[in-house]
Amino acid sequence: MKDIIKIFDTTLRDGEQSPGASMNIEEKIKLAIQLEKLGVDVIEAGFAASSPGDFEAISKIAQVMKNSCVCSLSRALDNDIITASKAIAPAKNKRIHTFIATSPIHMEYKLKMKPDEVIKRAISAVSLAKSLCEDVEFSCEDACRSDIGFLKEILDAVISAGATTLNIPDTVGYRLPNEIGKIIKELSDFVNNRAIISIHCHNDLGLATANSLEAIKNGARQIECTINGLGERAGNTSLEEVIMSIKTRRDFFSDFDTNINTKEIYPTSKLVSDITGINPQPNKAIVGKNAFAHESGIHQDGMLKNKETYEIINPSDIGIELDSTLVLGKHSGRAAFKDKAKILGFILNDDELDNAFNKFKILCDSKKDIFDDDLREILGEETTHIPKVFRLNMLQVSICSSGKFCAATSIFKEDVEYSDSALGNGAVDCILKSIDRISGFQGKLKDYKVCSVTSGKDALAKVVVKVEFEPNKPALIGHGLDIDTMSATAKAYISALNSYLSMKDLIANKDGTMLFR
Ligand code: KIV
Ligand code: ZN
């Protein structure tokens, strides 16, 4: 019998804490549904007490999850724990995750608490959590720089108080694999199956995956990780790297298995980069753009003779179907389109399907080859359910004799058309100004990225913007897709505005969302 390693995904909590990775509620729900499809055992859906938006997102995710356990983080404070338990209440399977720092430096300077006070606080937090939820995880923040004797003392105490999972974070990504192995072995022997030992690594030295794998070898039975390795500073352990290491090196990990469906790795990675606007570096293991690209002649020659000369993973194992990248065309019908959407993992209702199909047909008129990635973008856009208060109708940008740019813009607000124009110092400037004039909201553009969805002169332009609509509140992300880059820009800005309007009352002050790093 193989030991199942539980996969605890924290993309929605630790991942979302990485600069620029904030997501709105609809996007979080969409991602949680995809994570469940991927097969993760536990979804850390957020930190309920950190903001009303986080609370709402966790609670909505708790309502829709069928199999995965839904978890909220909470400091070792009564109010945090009670708030977490309320947020996860609708879930079929739920967990409260409470933590307190245990390293000398954190206890002295951050908590300003003595070690025995920390133990007391931990016991009281776990006891309260246990009275509200059967499944309780306790984390010793900065465990890997803590005294091992102290760790044993506090773990012993929280096991008696009811903790069922004990998480050992390398919060600052400081440890080397052999050191992590030693720590986990000693704690695992000490705990002696009274609770599950979990590992949570950060990637400051690029060792998060290696450290997590070493922890498995030494007794950890849960790995905490994120998609694309998203997370604080250099990120968290990357889910796809750990999973594909276990699968590819079955010889080494023969005693272990996970519940992950590896075919969902690529779609999940793509969804996370689409939502956050953060693409993995091109040479990122498993999901980077170049992870399966063979450029040199010698490699290409080897690949043609036998793929295994240079490929240790079959791309289709992670859901990349290289042979079917060129798909539907101008003459494809609705049924074929629906079929393809299903293959790509999108389940649409009739309205969504109609809208997506219309967009596909319009695209066919201006673009010769339609690729899977084009379709993923169209379908992704259609399955994001943020109320579209504003919609772009028409845009015209021209250069005036003064050298200034002028945008004439027409927008629908709930089916009524409004139009206006504005001058600006460039095309983007005047487009955004004209939208501000129509909507009555003043956005500050914090980030602007444009990329092509596929290759070719007629490729779709994808624009991702980050816009701040209120000072001292987090910026909202917007996405726009169009053959024309300027129209994609206008759509992205309007999508950020719609996102802002849908969660205006739920956005905490910047300070509020940064309670824990
Ligand atoms: O890095 C860390 O220590 C954490 C804990 C809250 C688990 O994220
Ligand atoms: Zn962390």
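In listed order, ligands and their atoms are each counted from 1. We count residues from 1, following the sequence as given.
In this structure, K60 forms no cation-pi arrangement with F55, as its terminal cationic atom is not both closer than 6.0 Å to the ring centre and no more than 45° off the ring axis. For the pair K2 and F253, the cation does not sit on the ring face, since its NZ or CZ is not both under 6.0 Å from the ring centre and inside 45° of the axis.
Contact annotation: for R13 versus ligand 1, heavy atoms closer than 4.0 Å belong to the side chain alone. Heavy atoms of H202 found under 4.0 angstrom from ligand 1 belong exclusively to the side chain. With a 4.0 Å cut-off on non-hydrogen atoms, N167 touches ligand 1 through its side chain and not its backbone.
Few gaps surround NZ on K152; more than 12 heavy atoms of other groups in view lie less than 6.0 Å from it.
Looking at ligand 1, you'll find an N or O of T171 within less than 3.5 Å of one of its N or O atoms. Taking distance alone, with nitrogen or oxygen atoms compared against 3.5 Å, H200 approaches ligand 1 more closely than that limit. Of the N or O atoms in D14, one or more lie within a sub-3.5 Å distance of an N or O in ligand 1.
Annotation: angle subtended at the Zn ion (ligand 2) by H202 NE2 and H200 NE2 is 100°, to 10°.
Near E141, with a cut-off below 4.0 Å to any heavy atom, the atoms of ligand 1 are 3 (O). Near H97, with a cut-off below 4.0 Å to any heavy atom, the atoms of ligand 1 are 7 (C).
Nearest N/O/S atom of D14 relative to the Zn ion (ligand 2): this is OD2.
T268 and Q34 share a donor-acceptor pair across their side chains, judged by distance under 3.5 Å alone. A donor atom on one side chain and an acceptor atom on the other are found under 3.5 Å apart for N167 and S139. Between the side chains of S499 and N24, at least one donor N or O sits under 3.5 Å from an acceptor N or O.
Considering only heavy atoms from C-beta on, I33 stays 4.5 Å or farther from K37 through its side chain.
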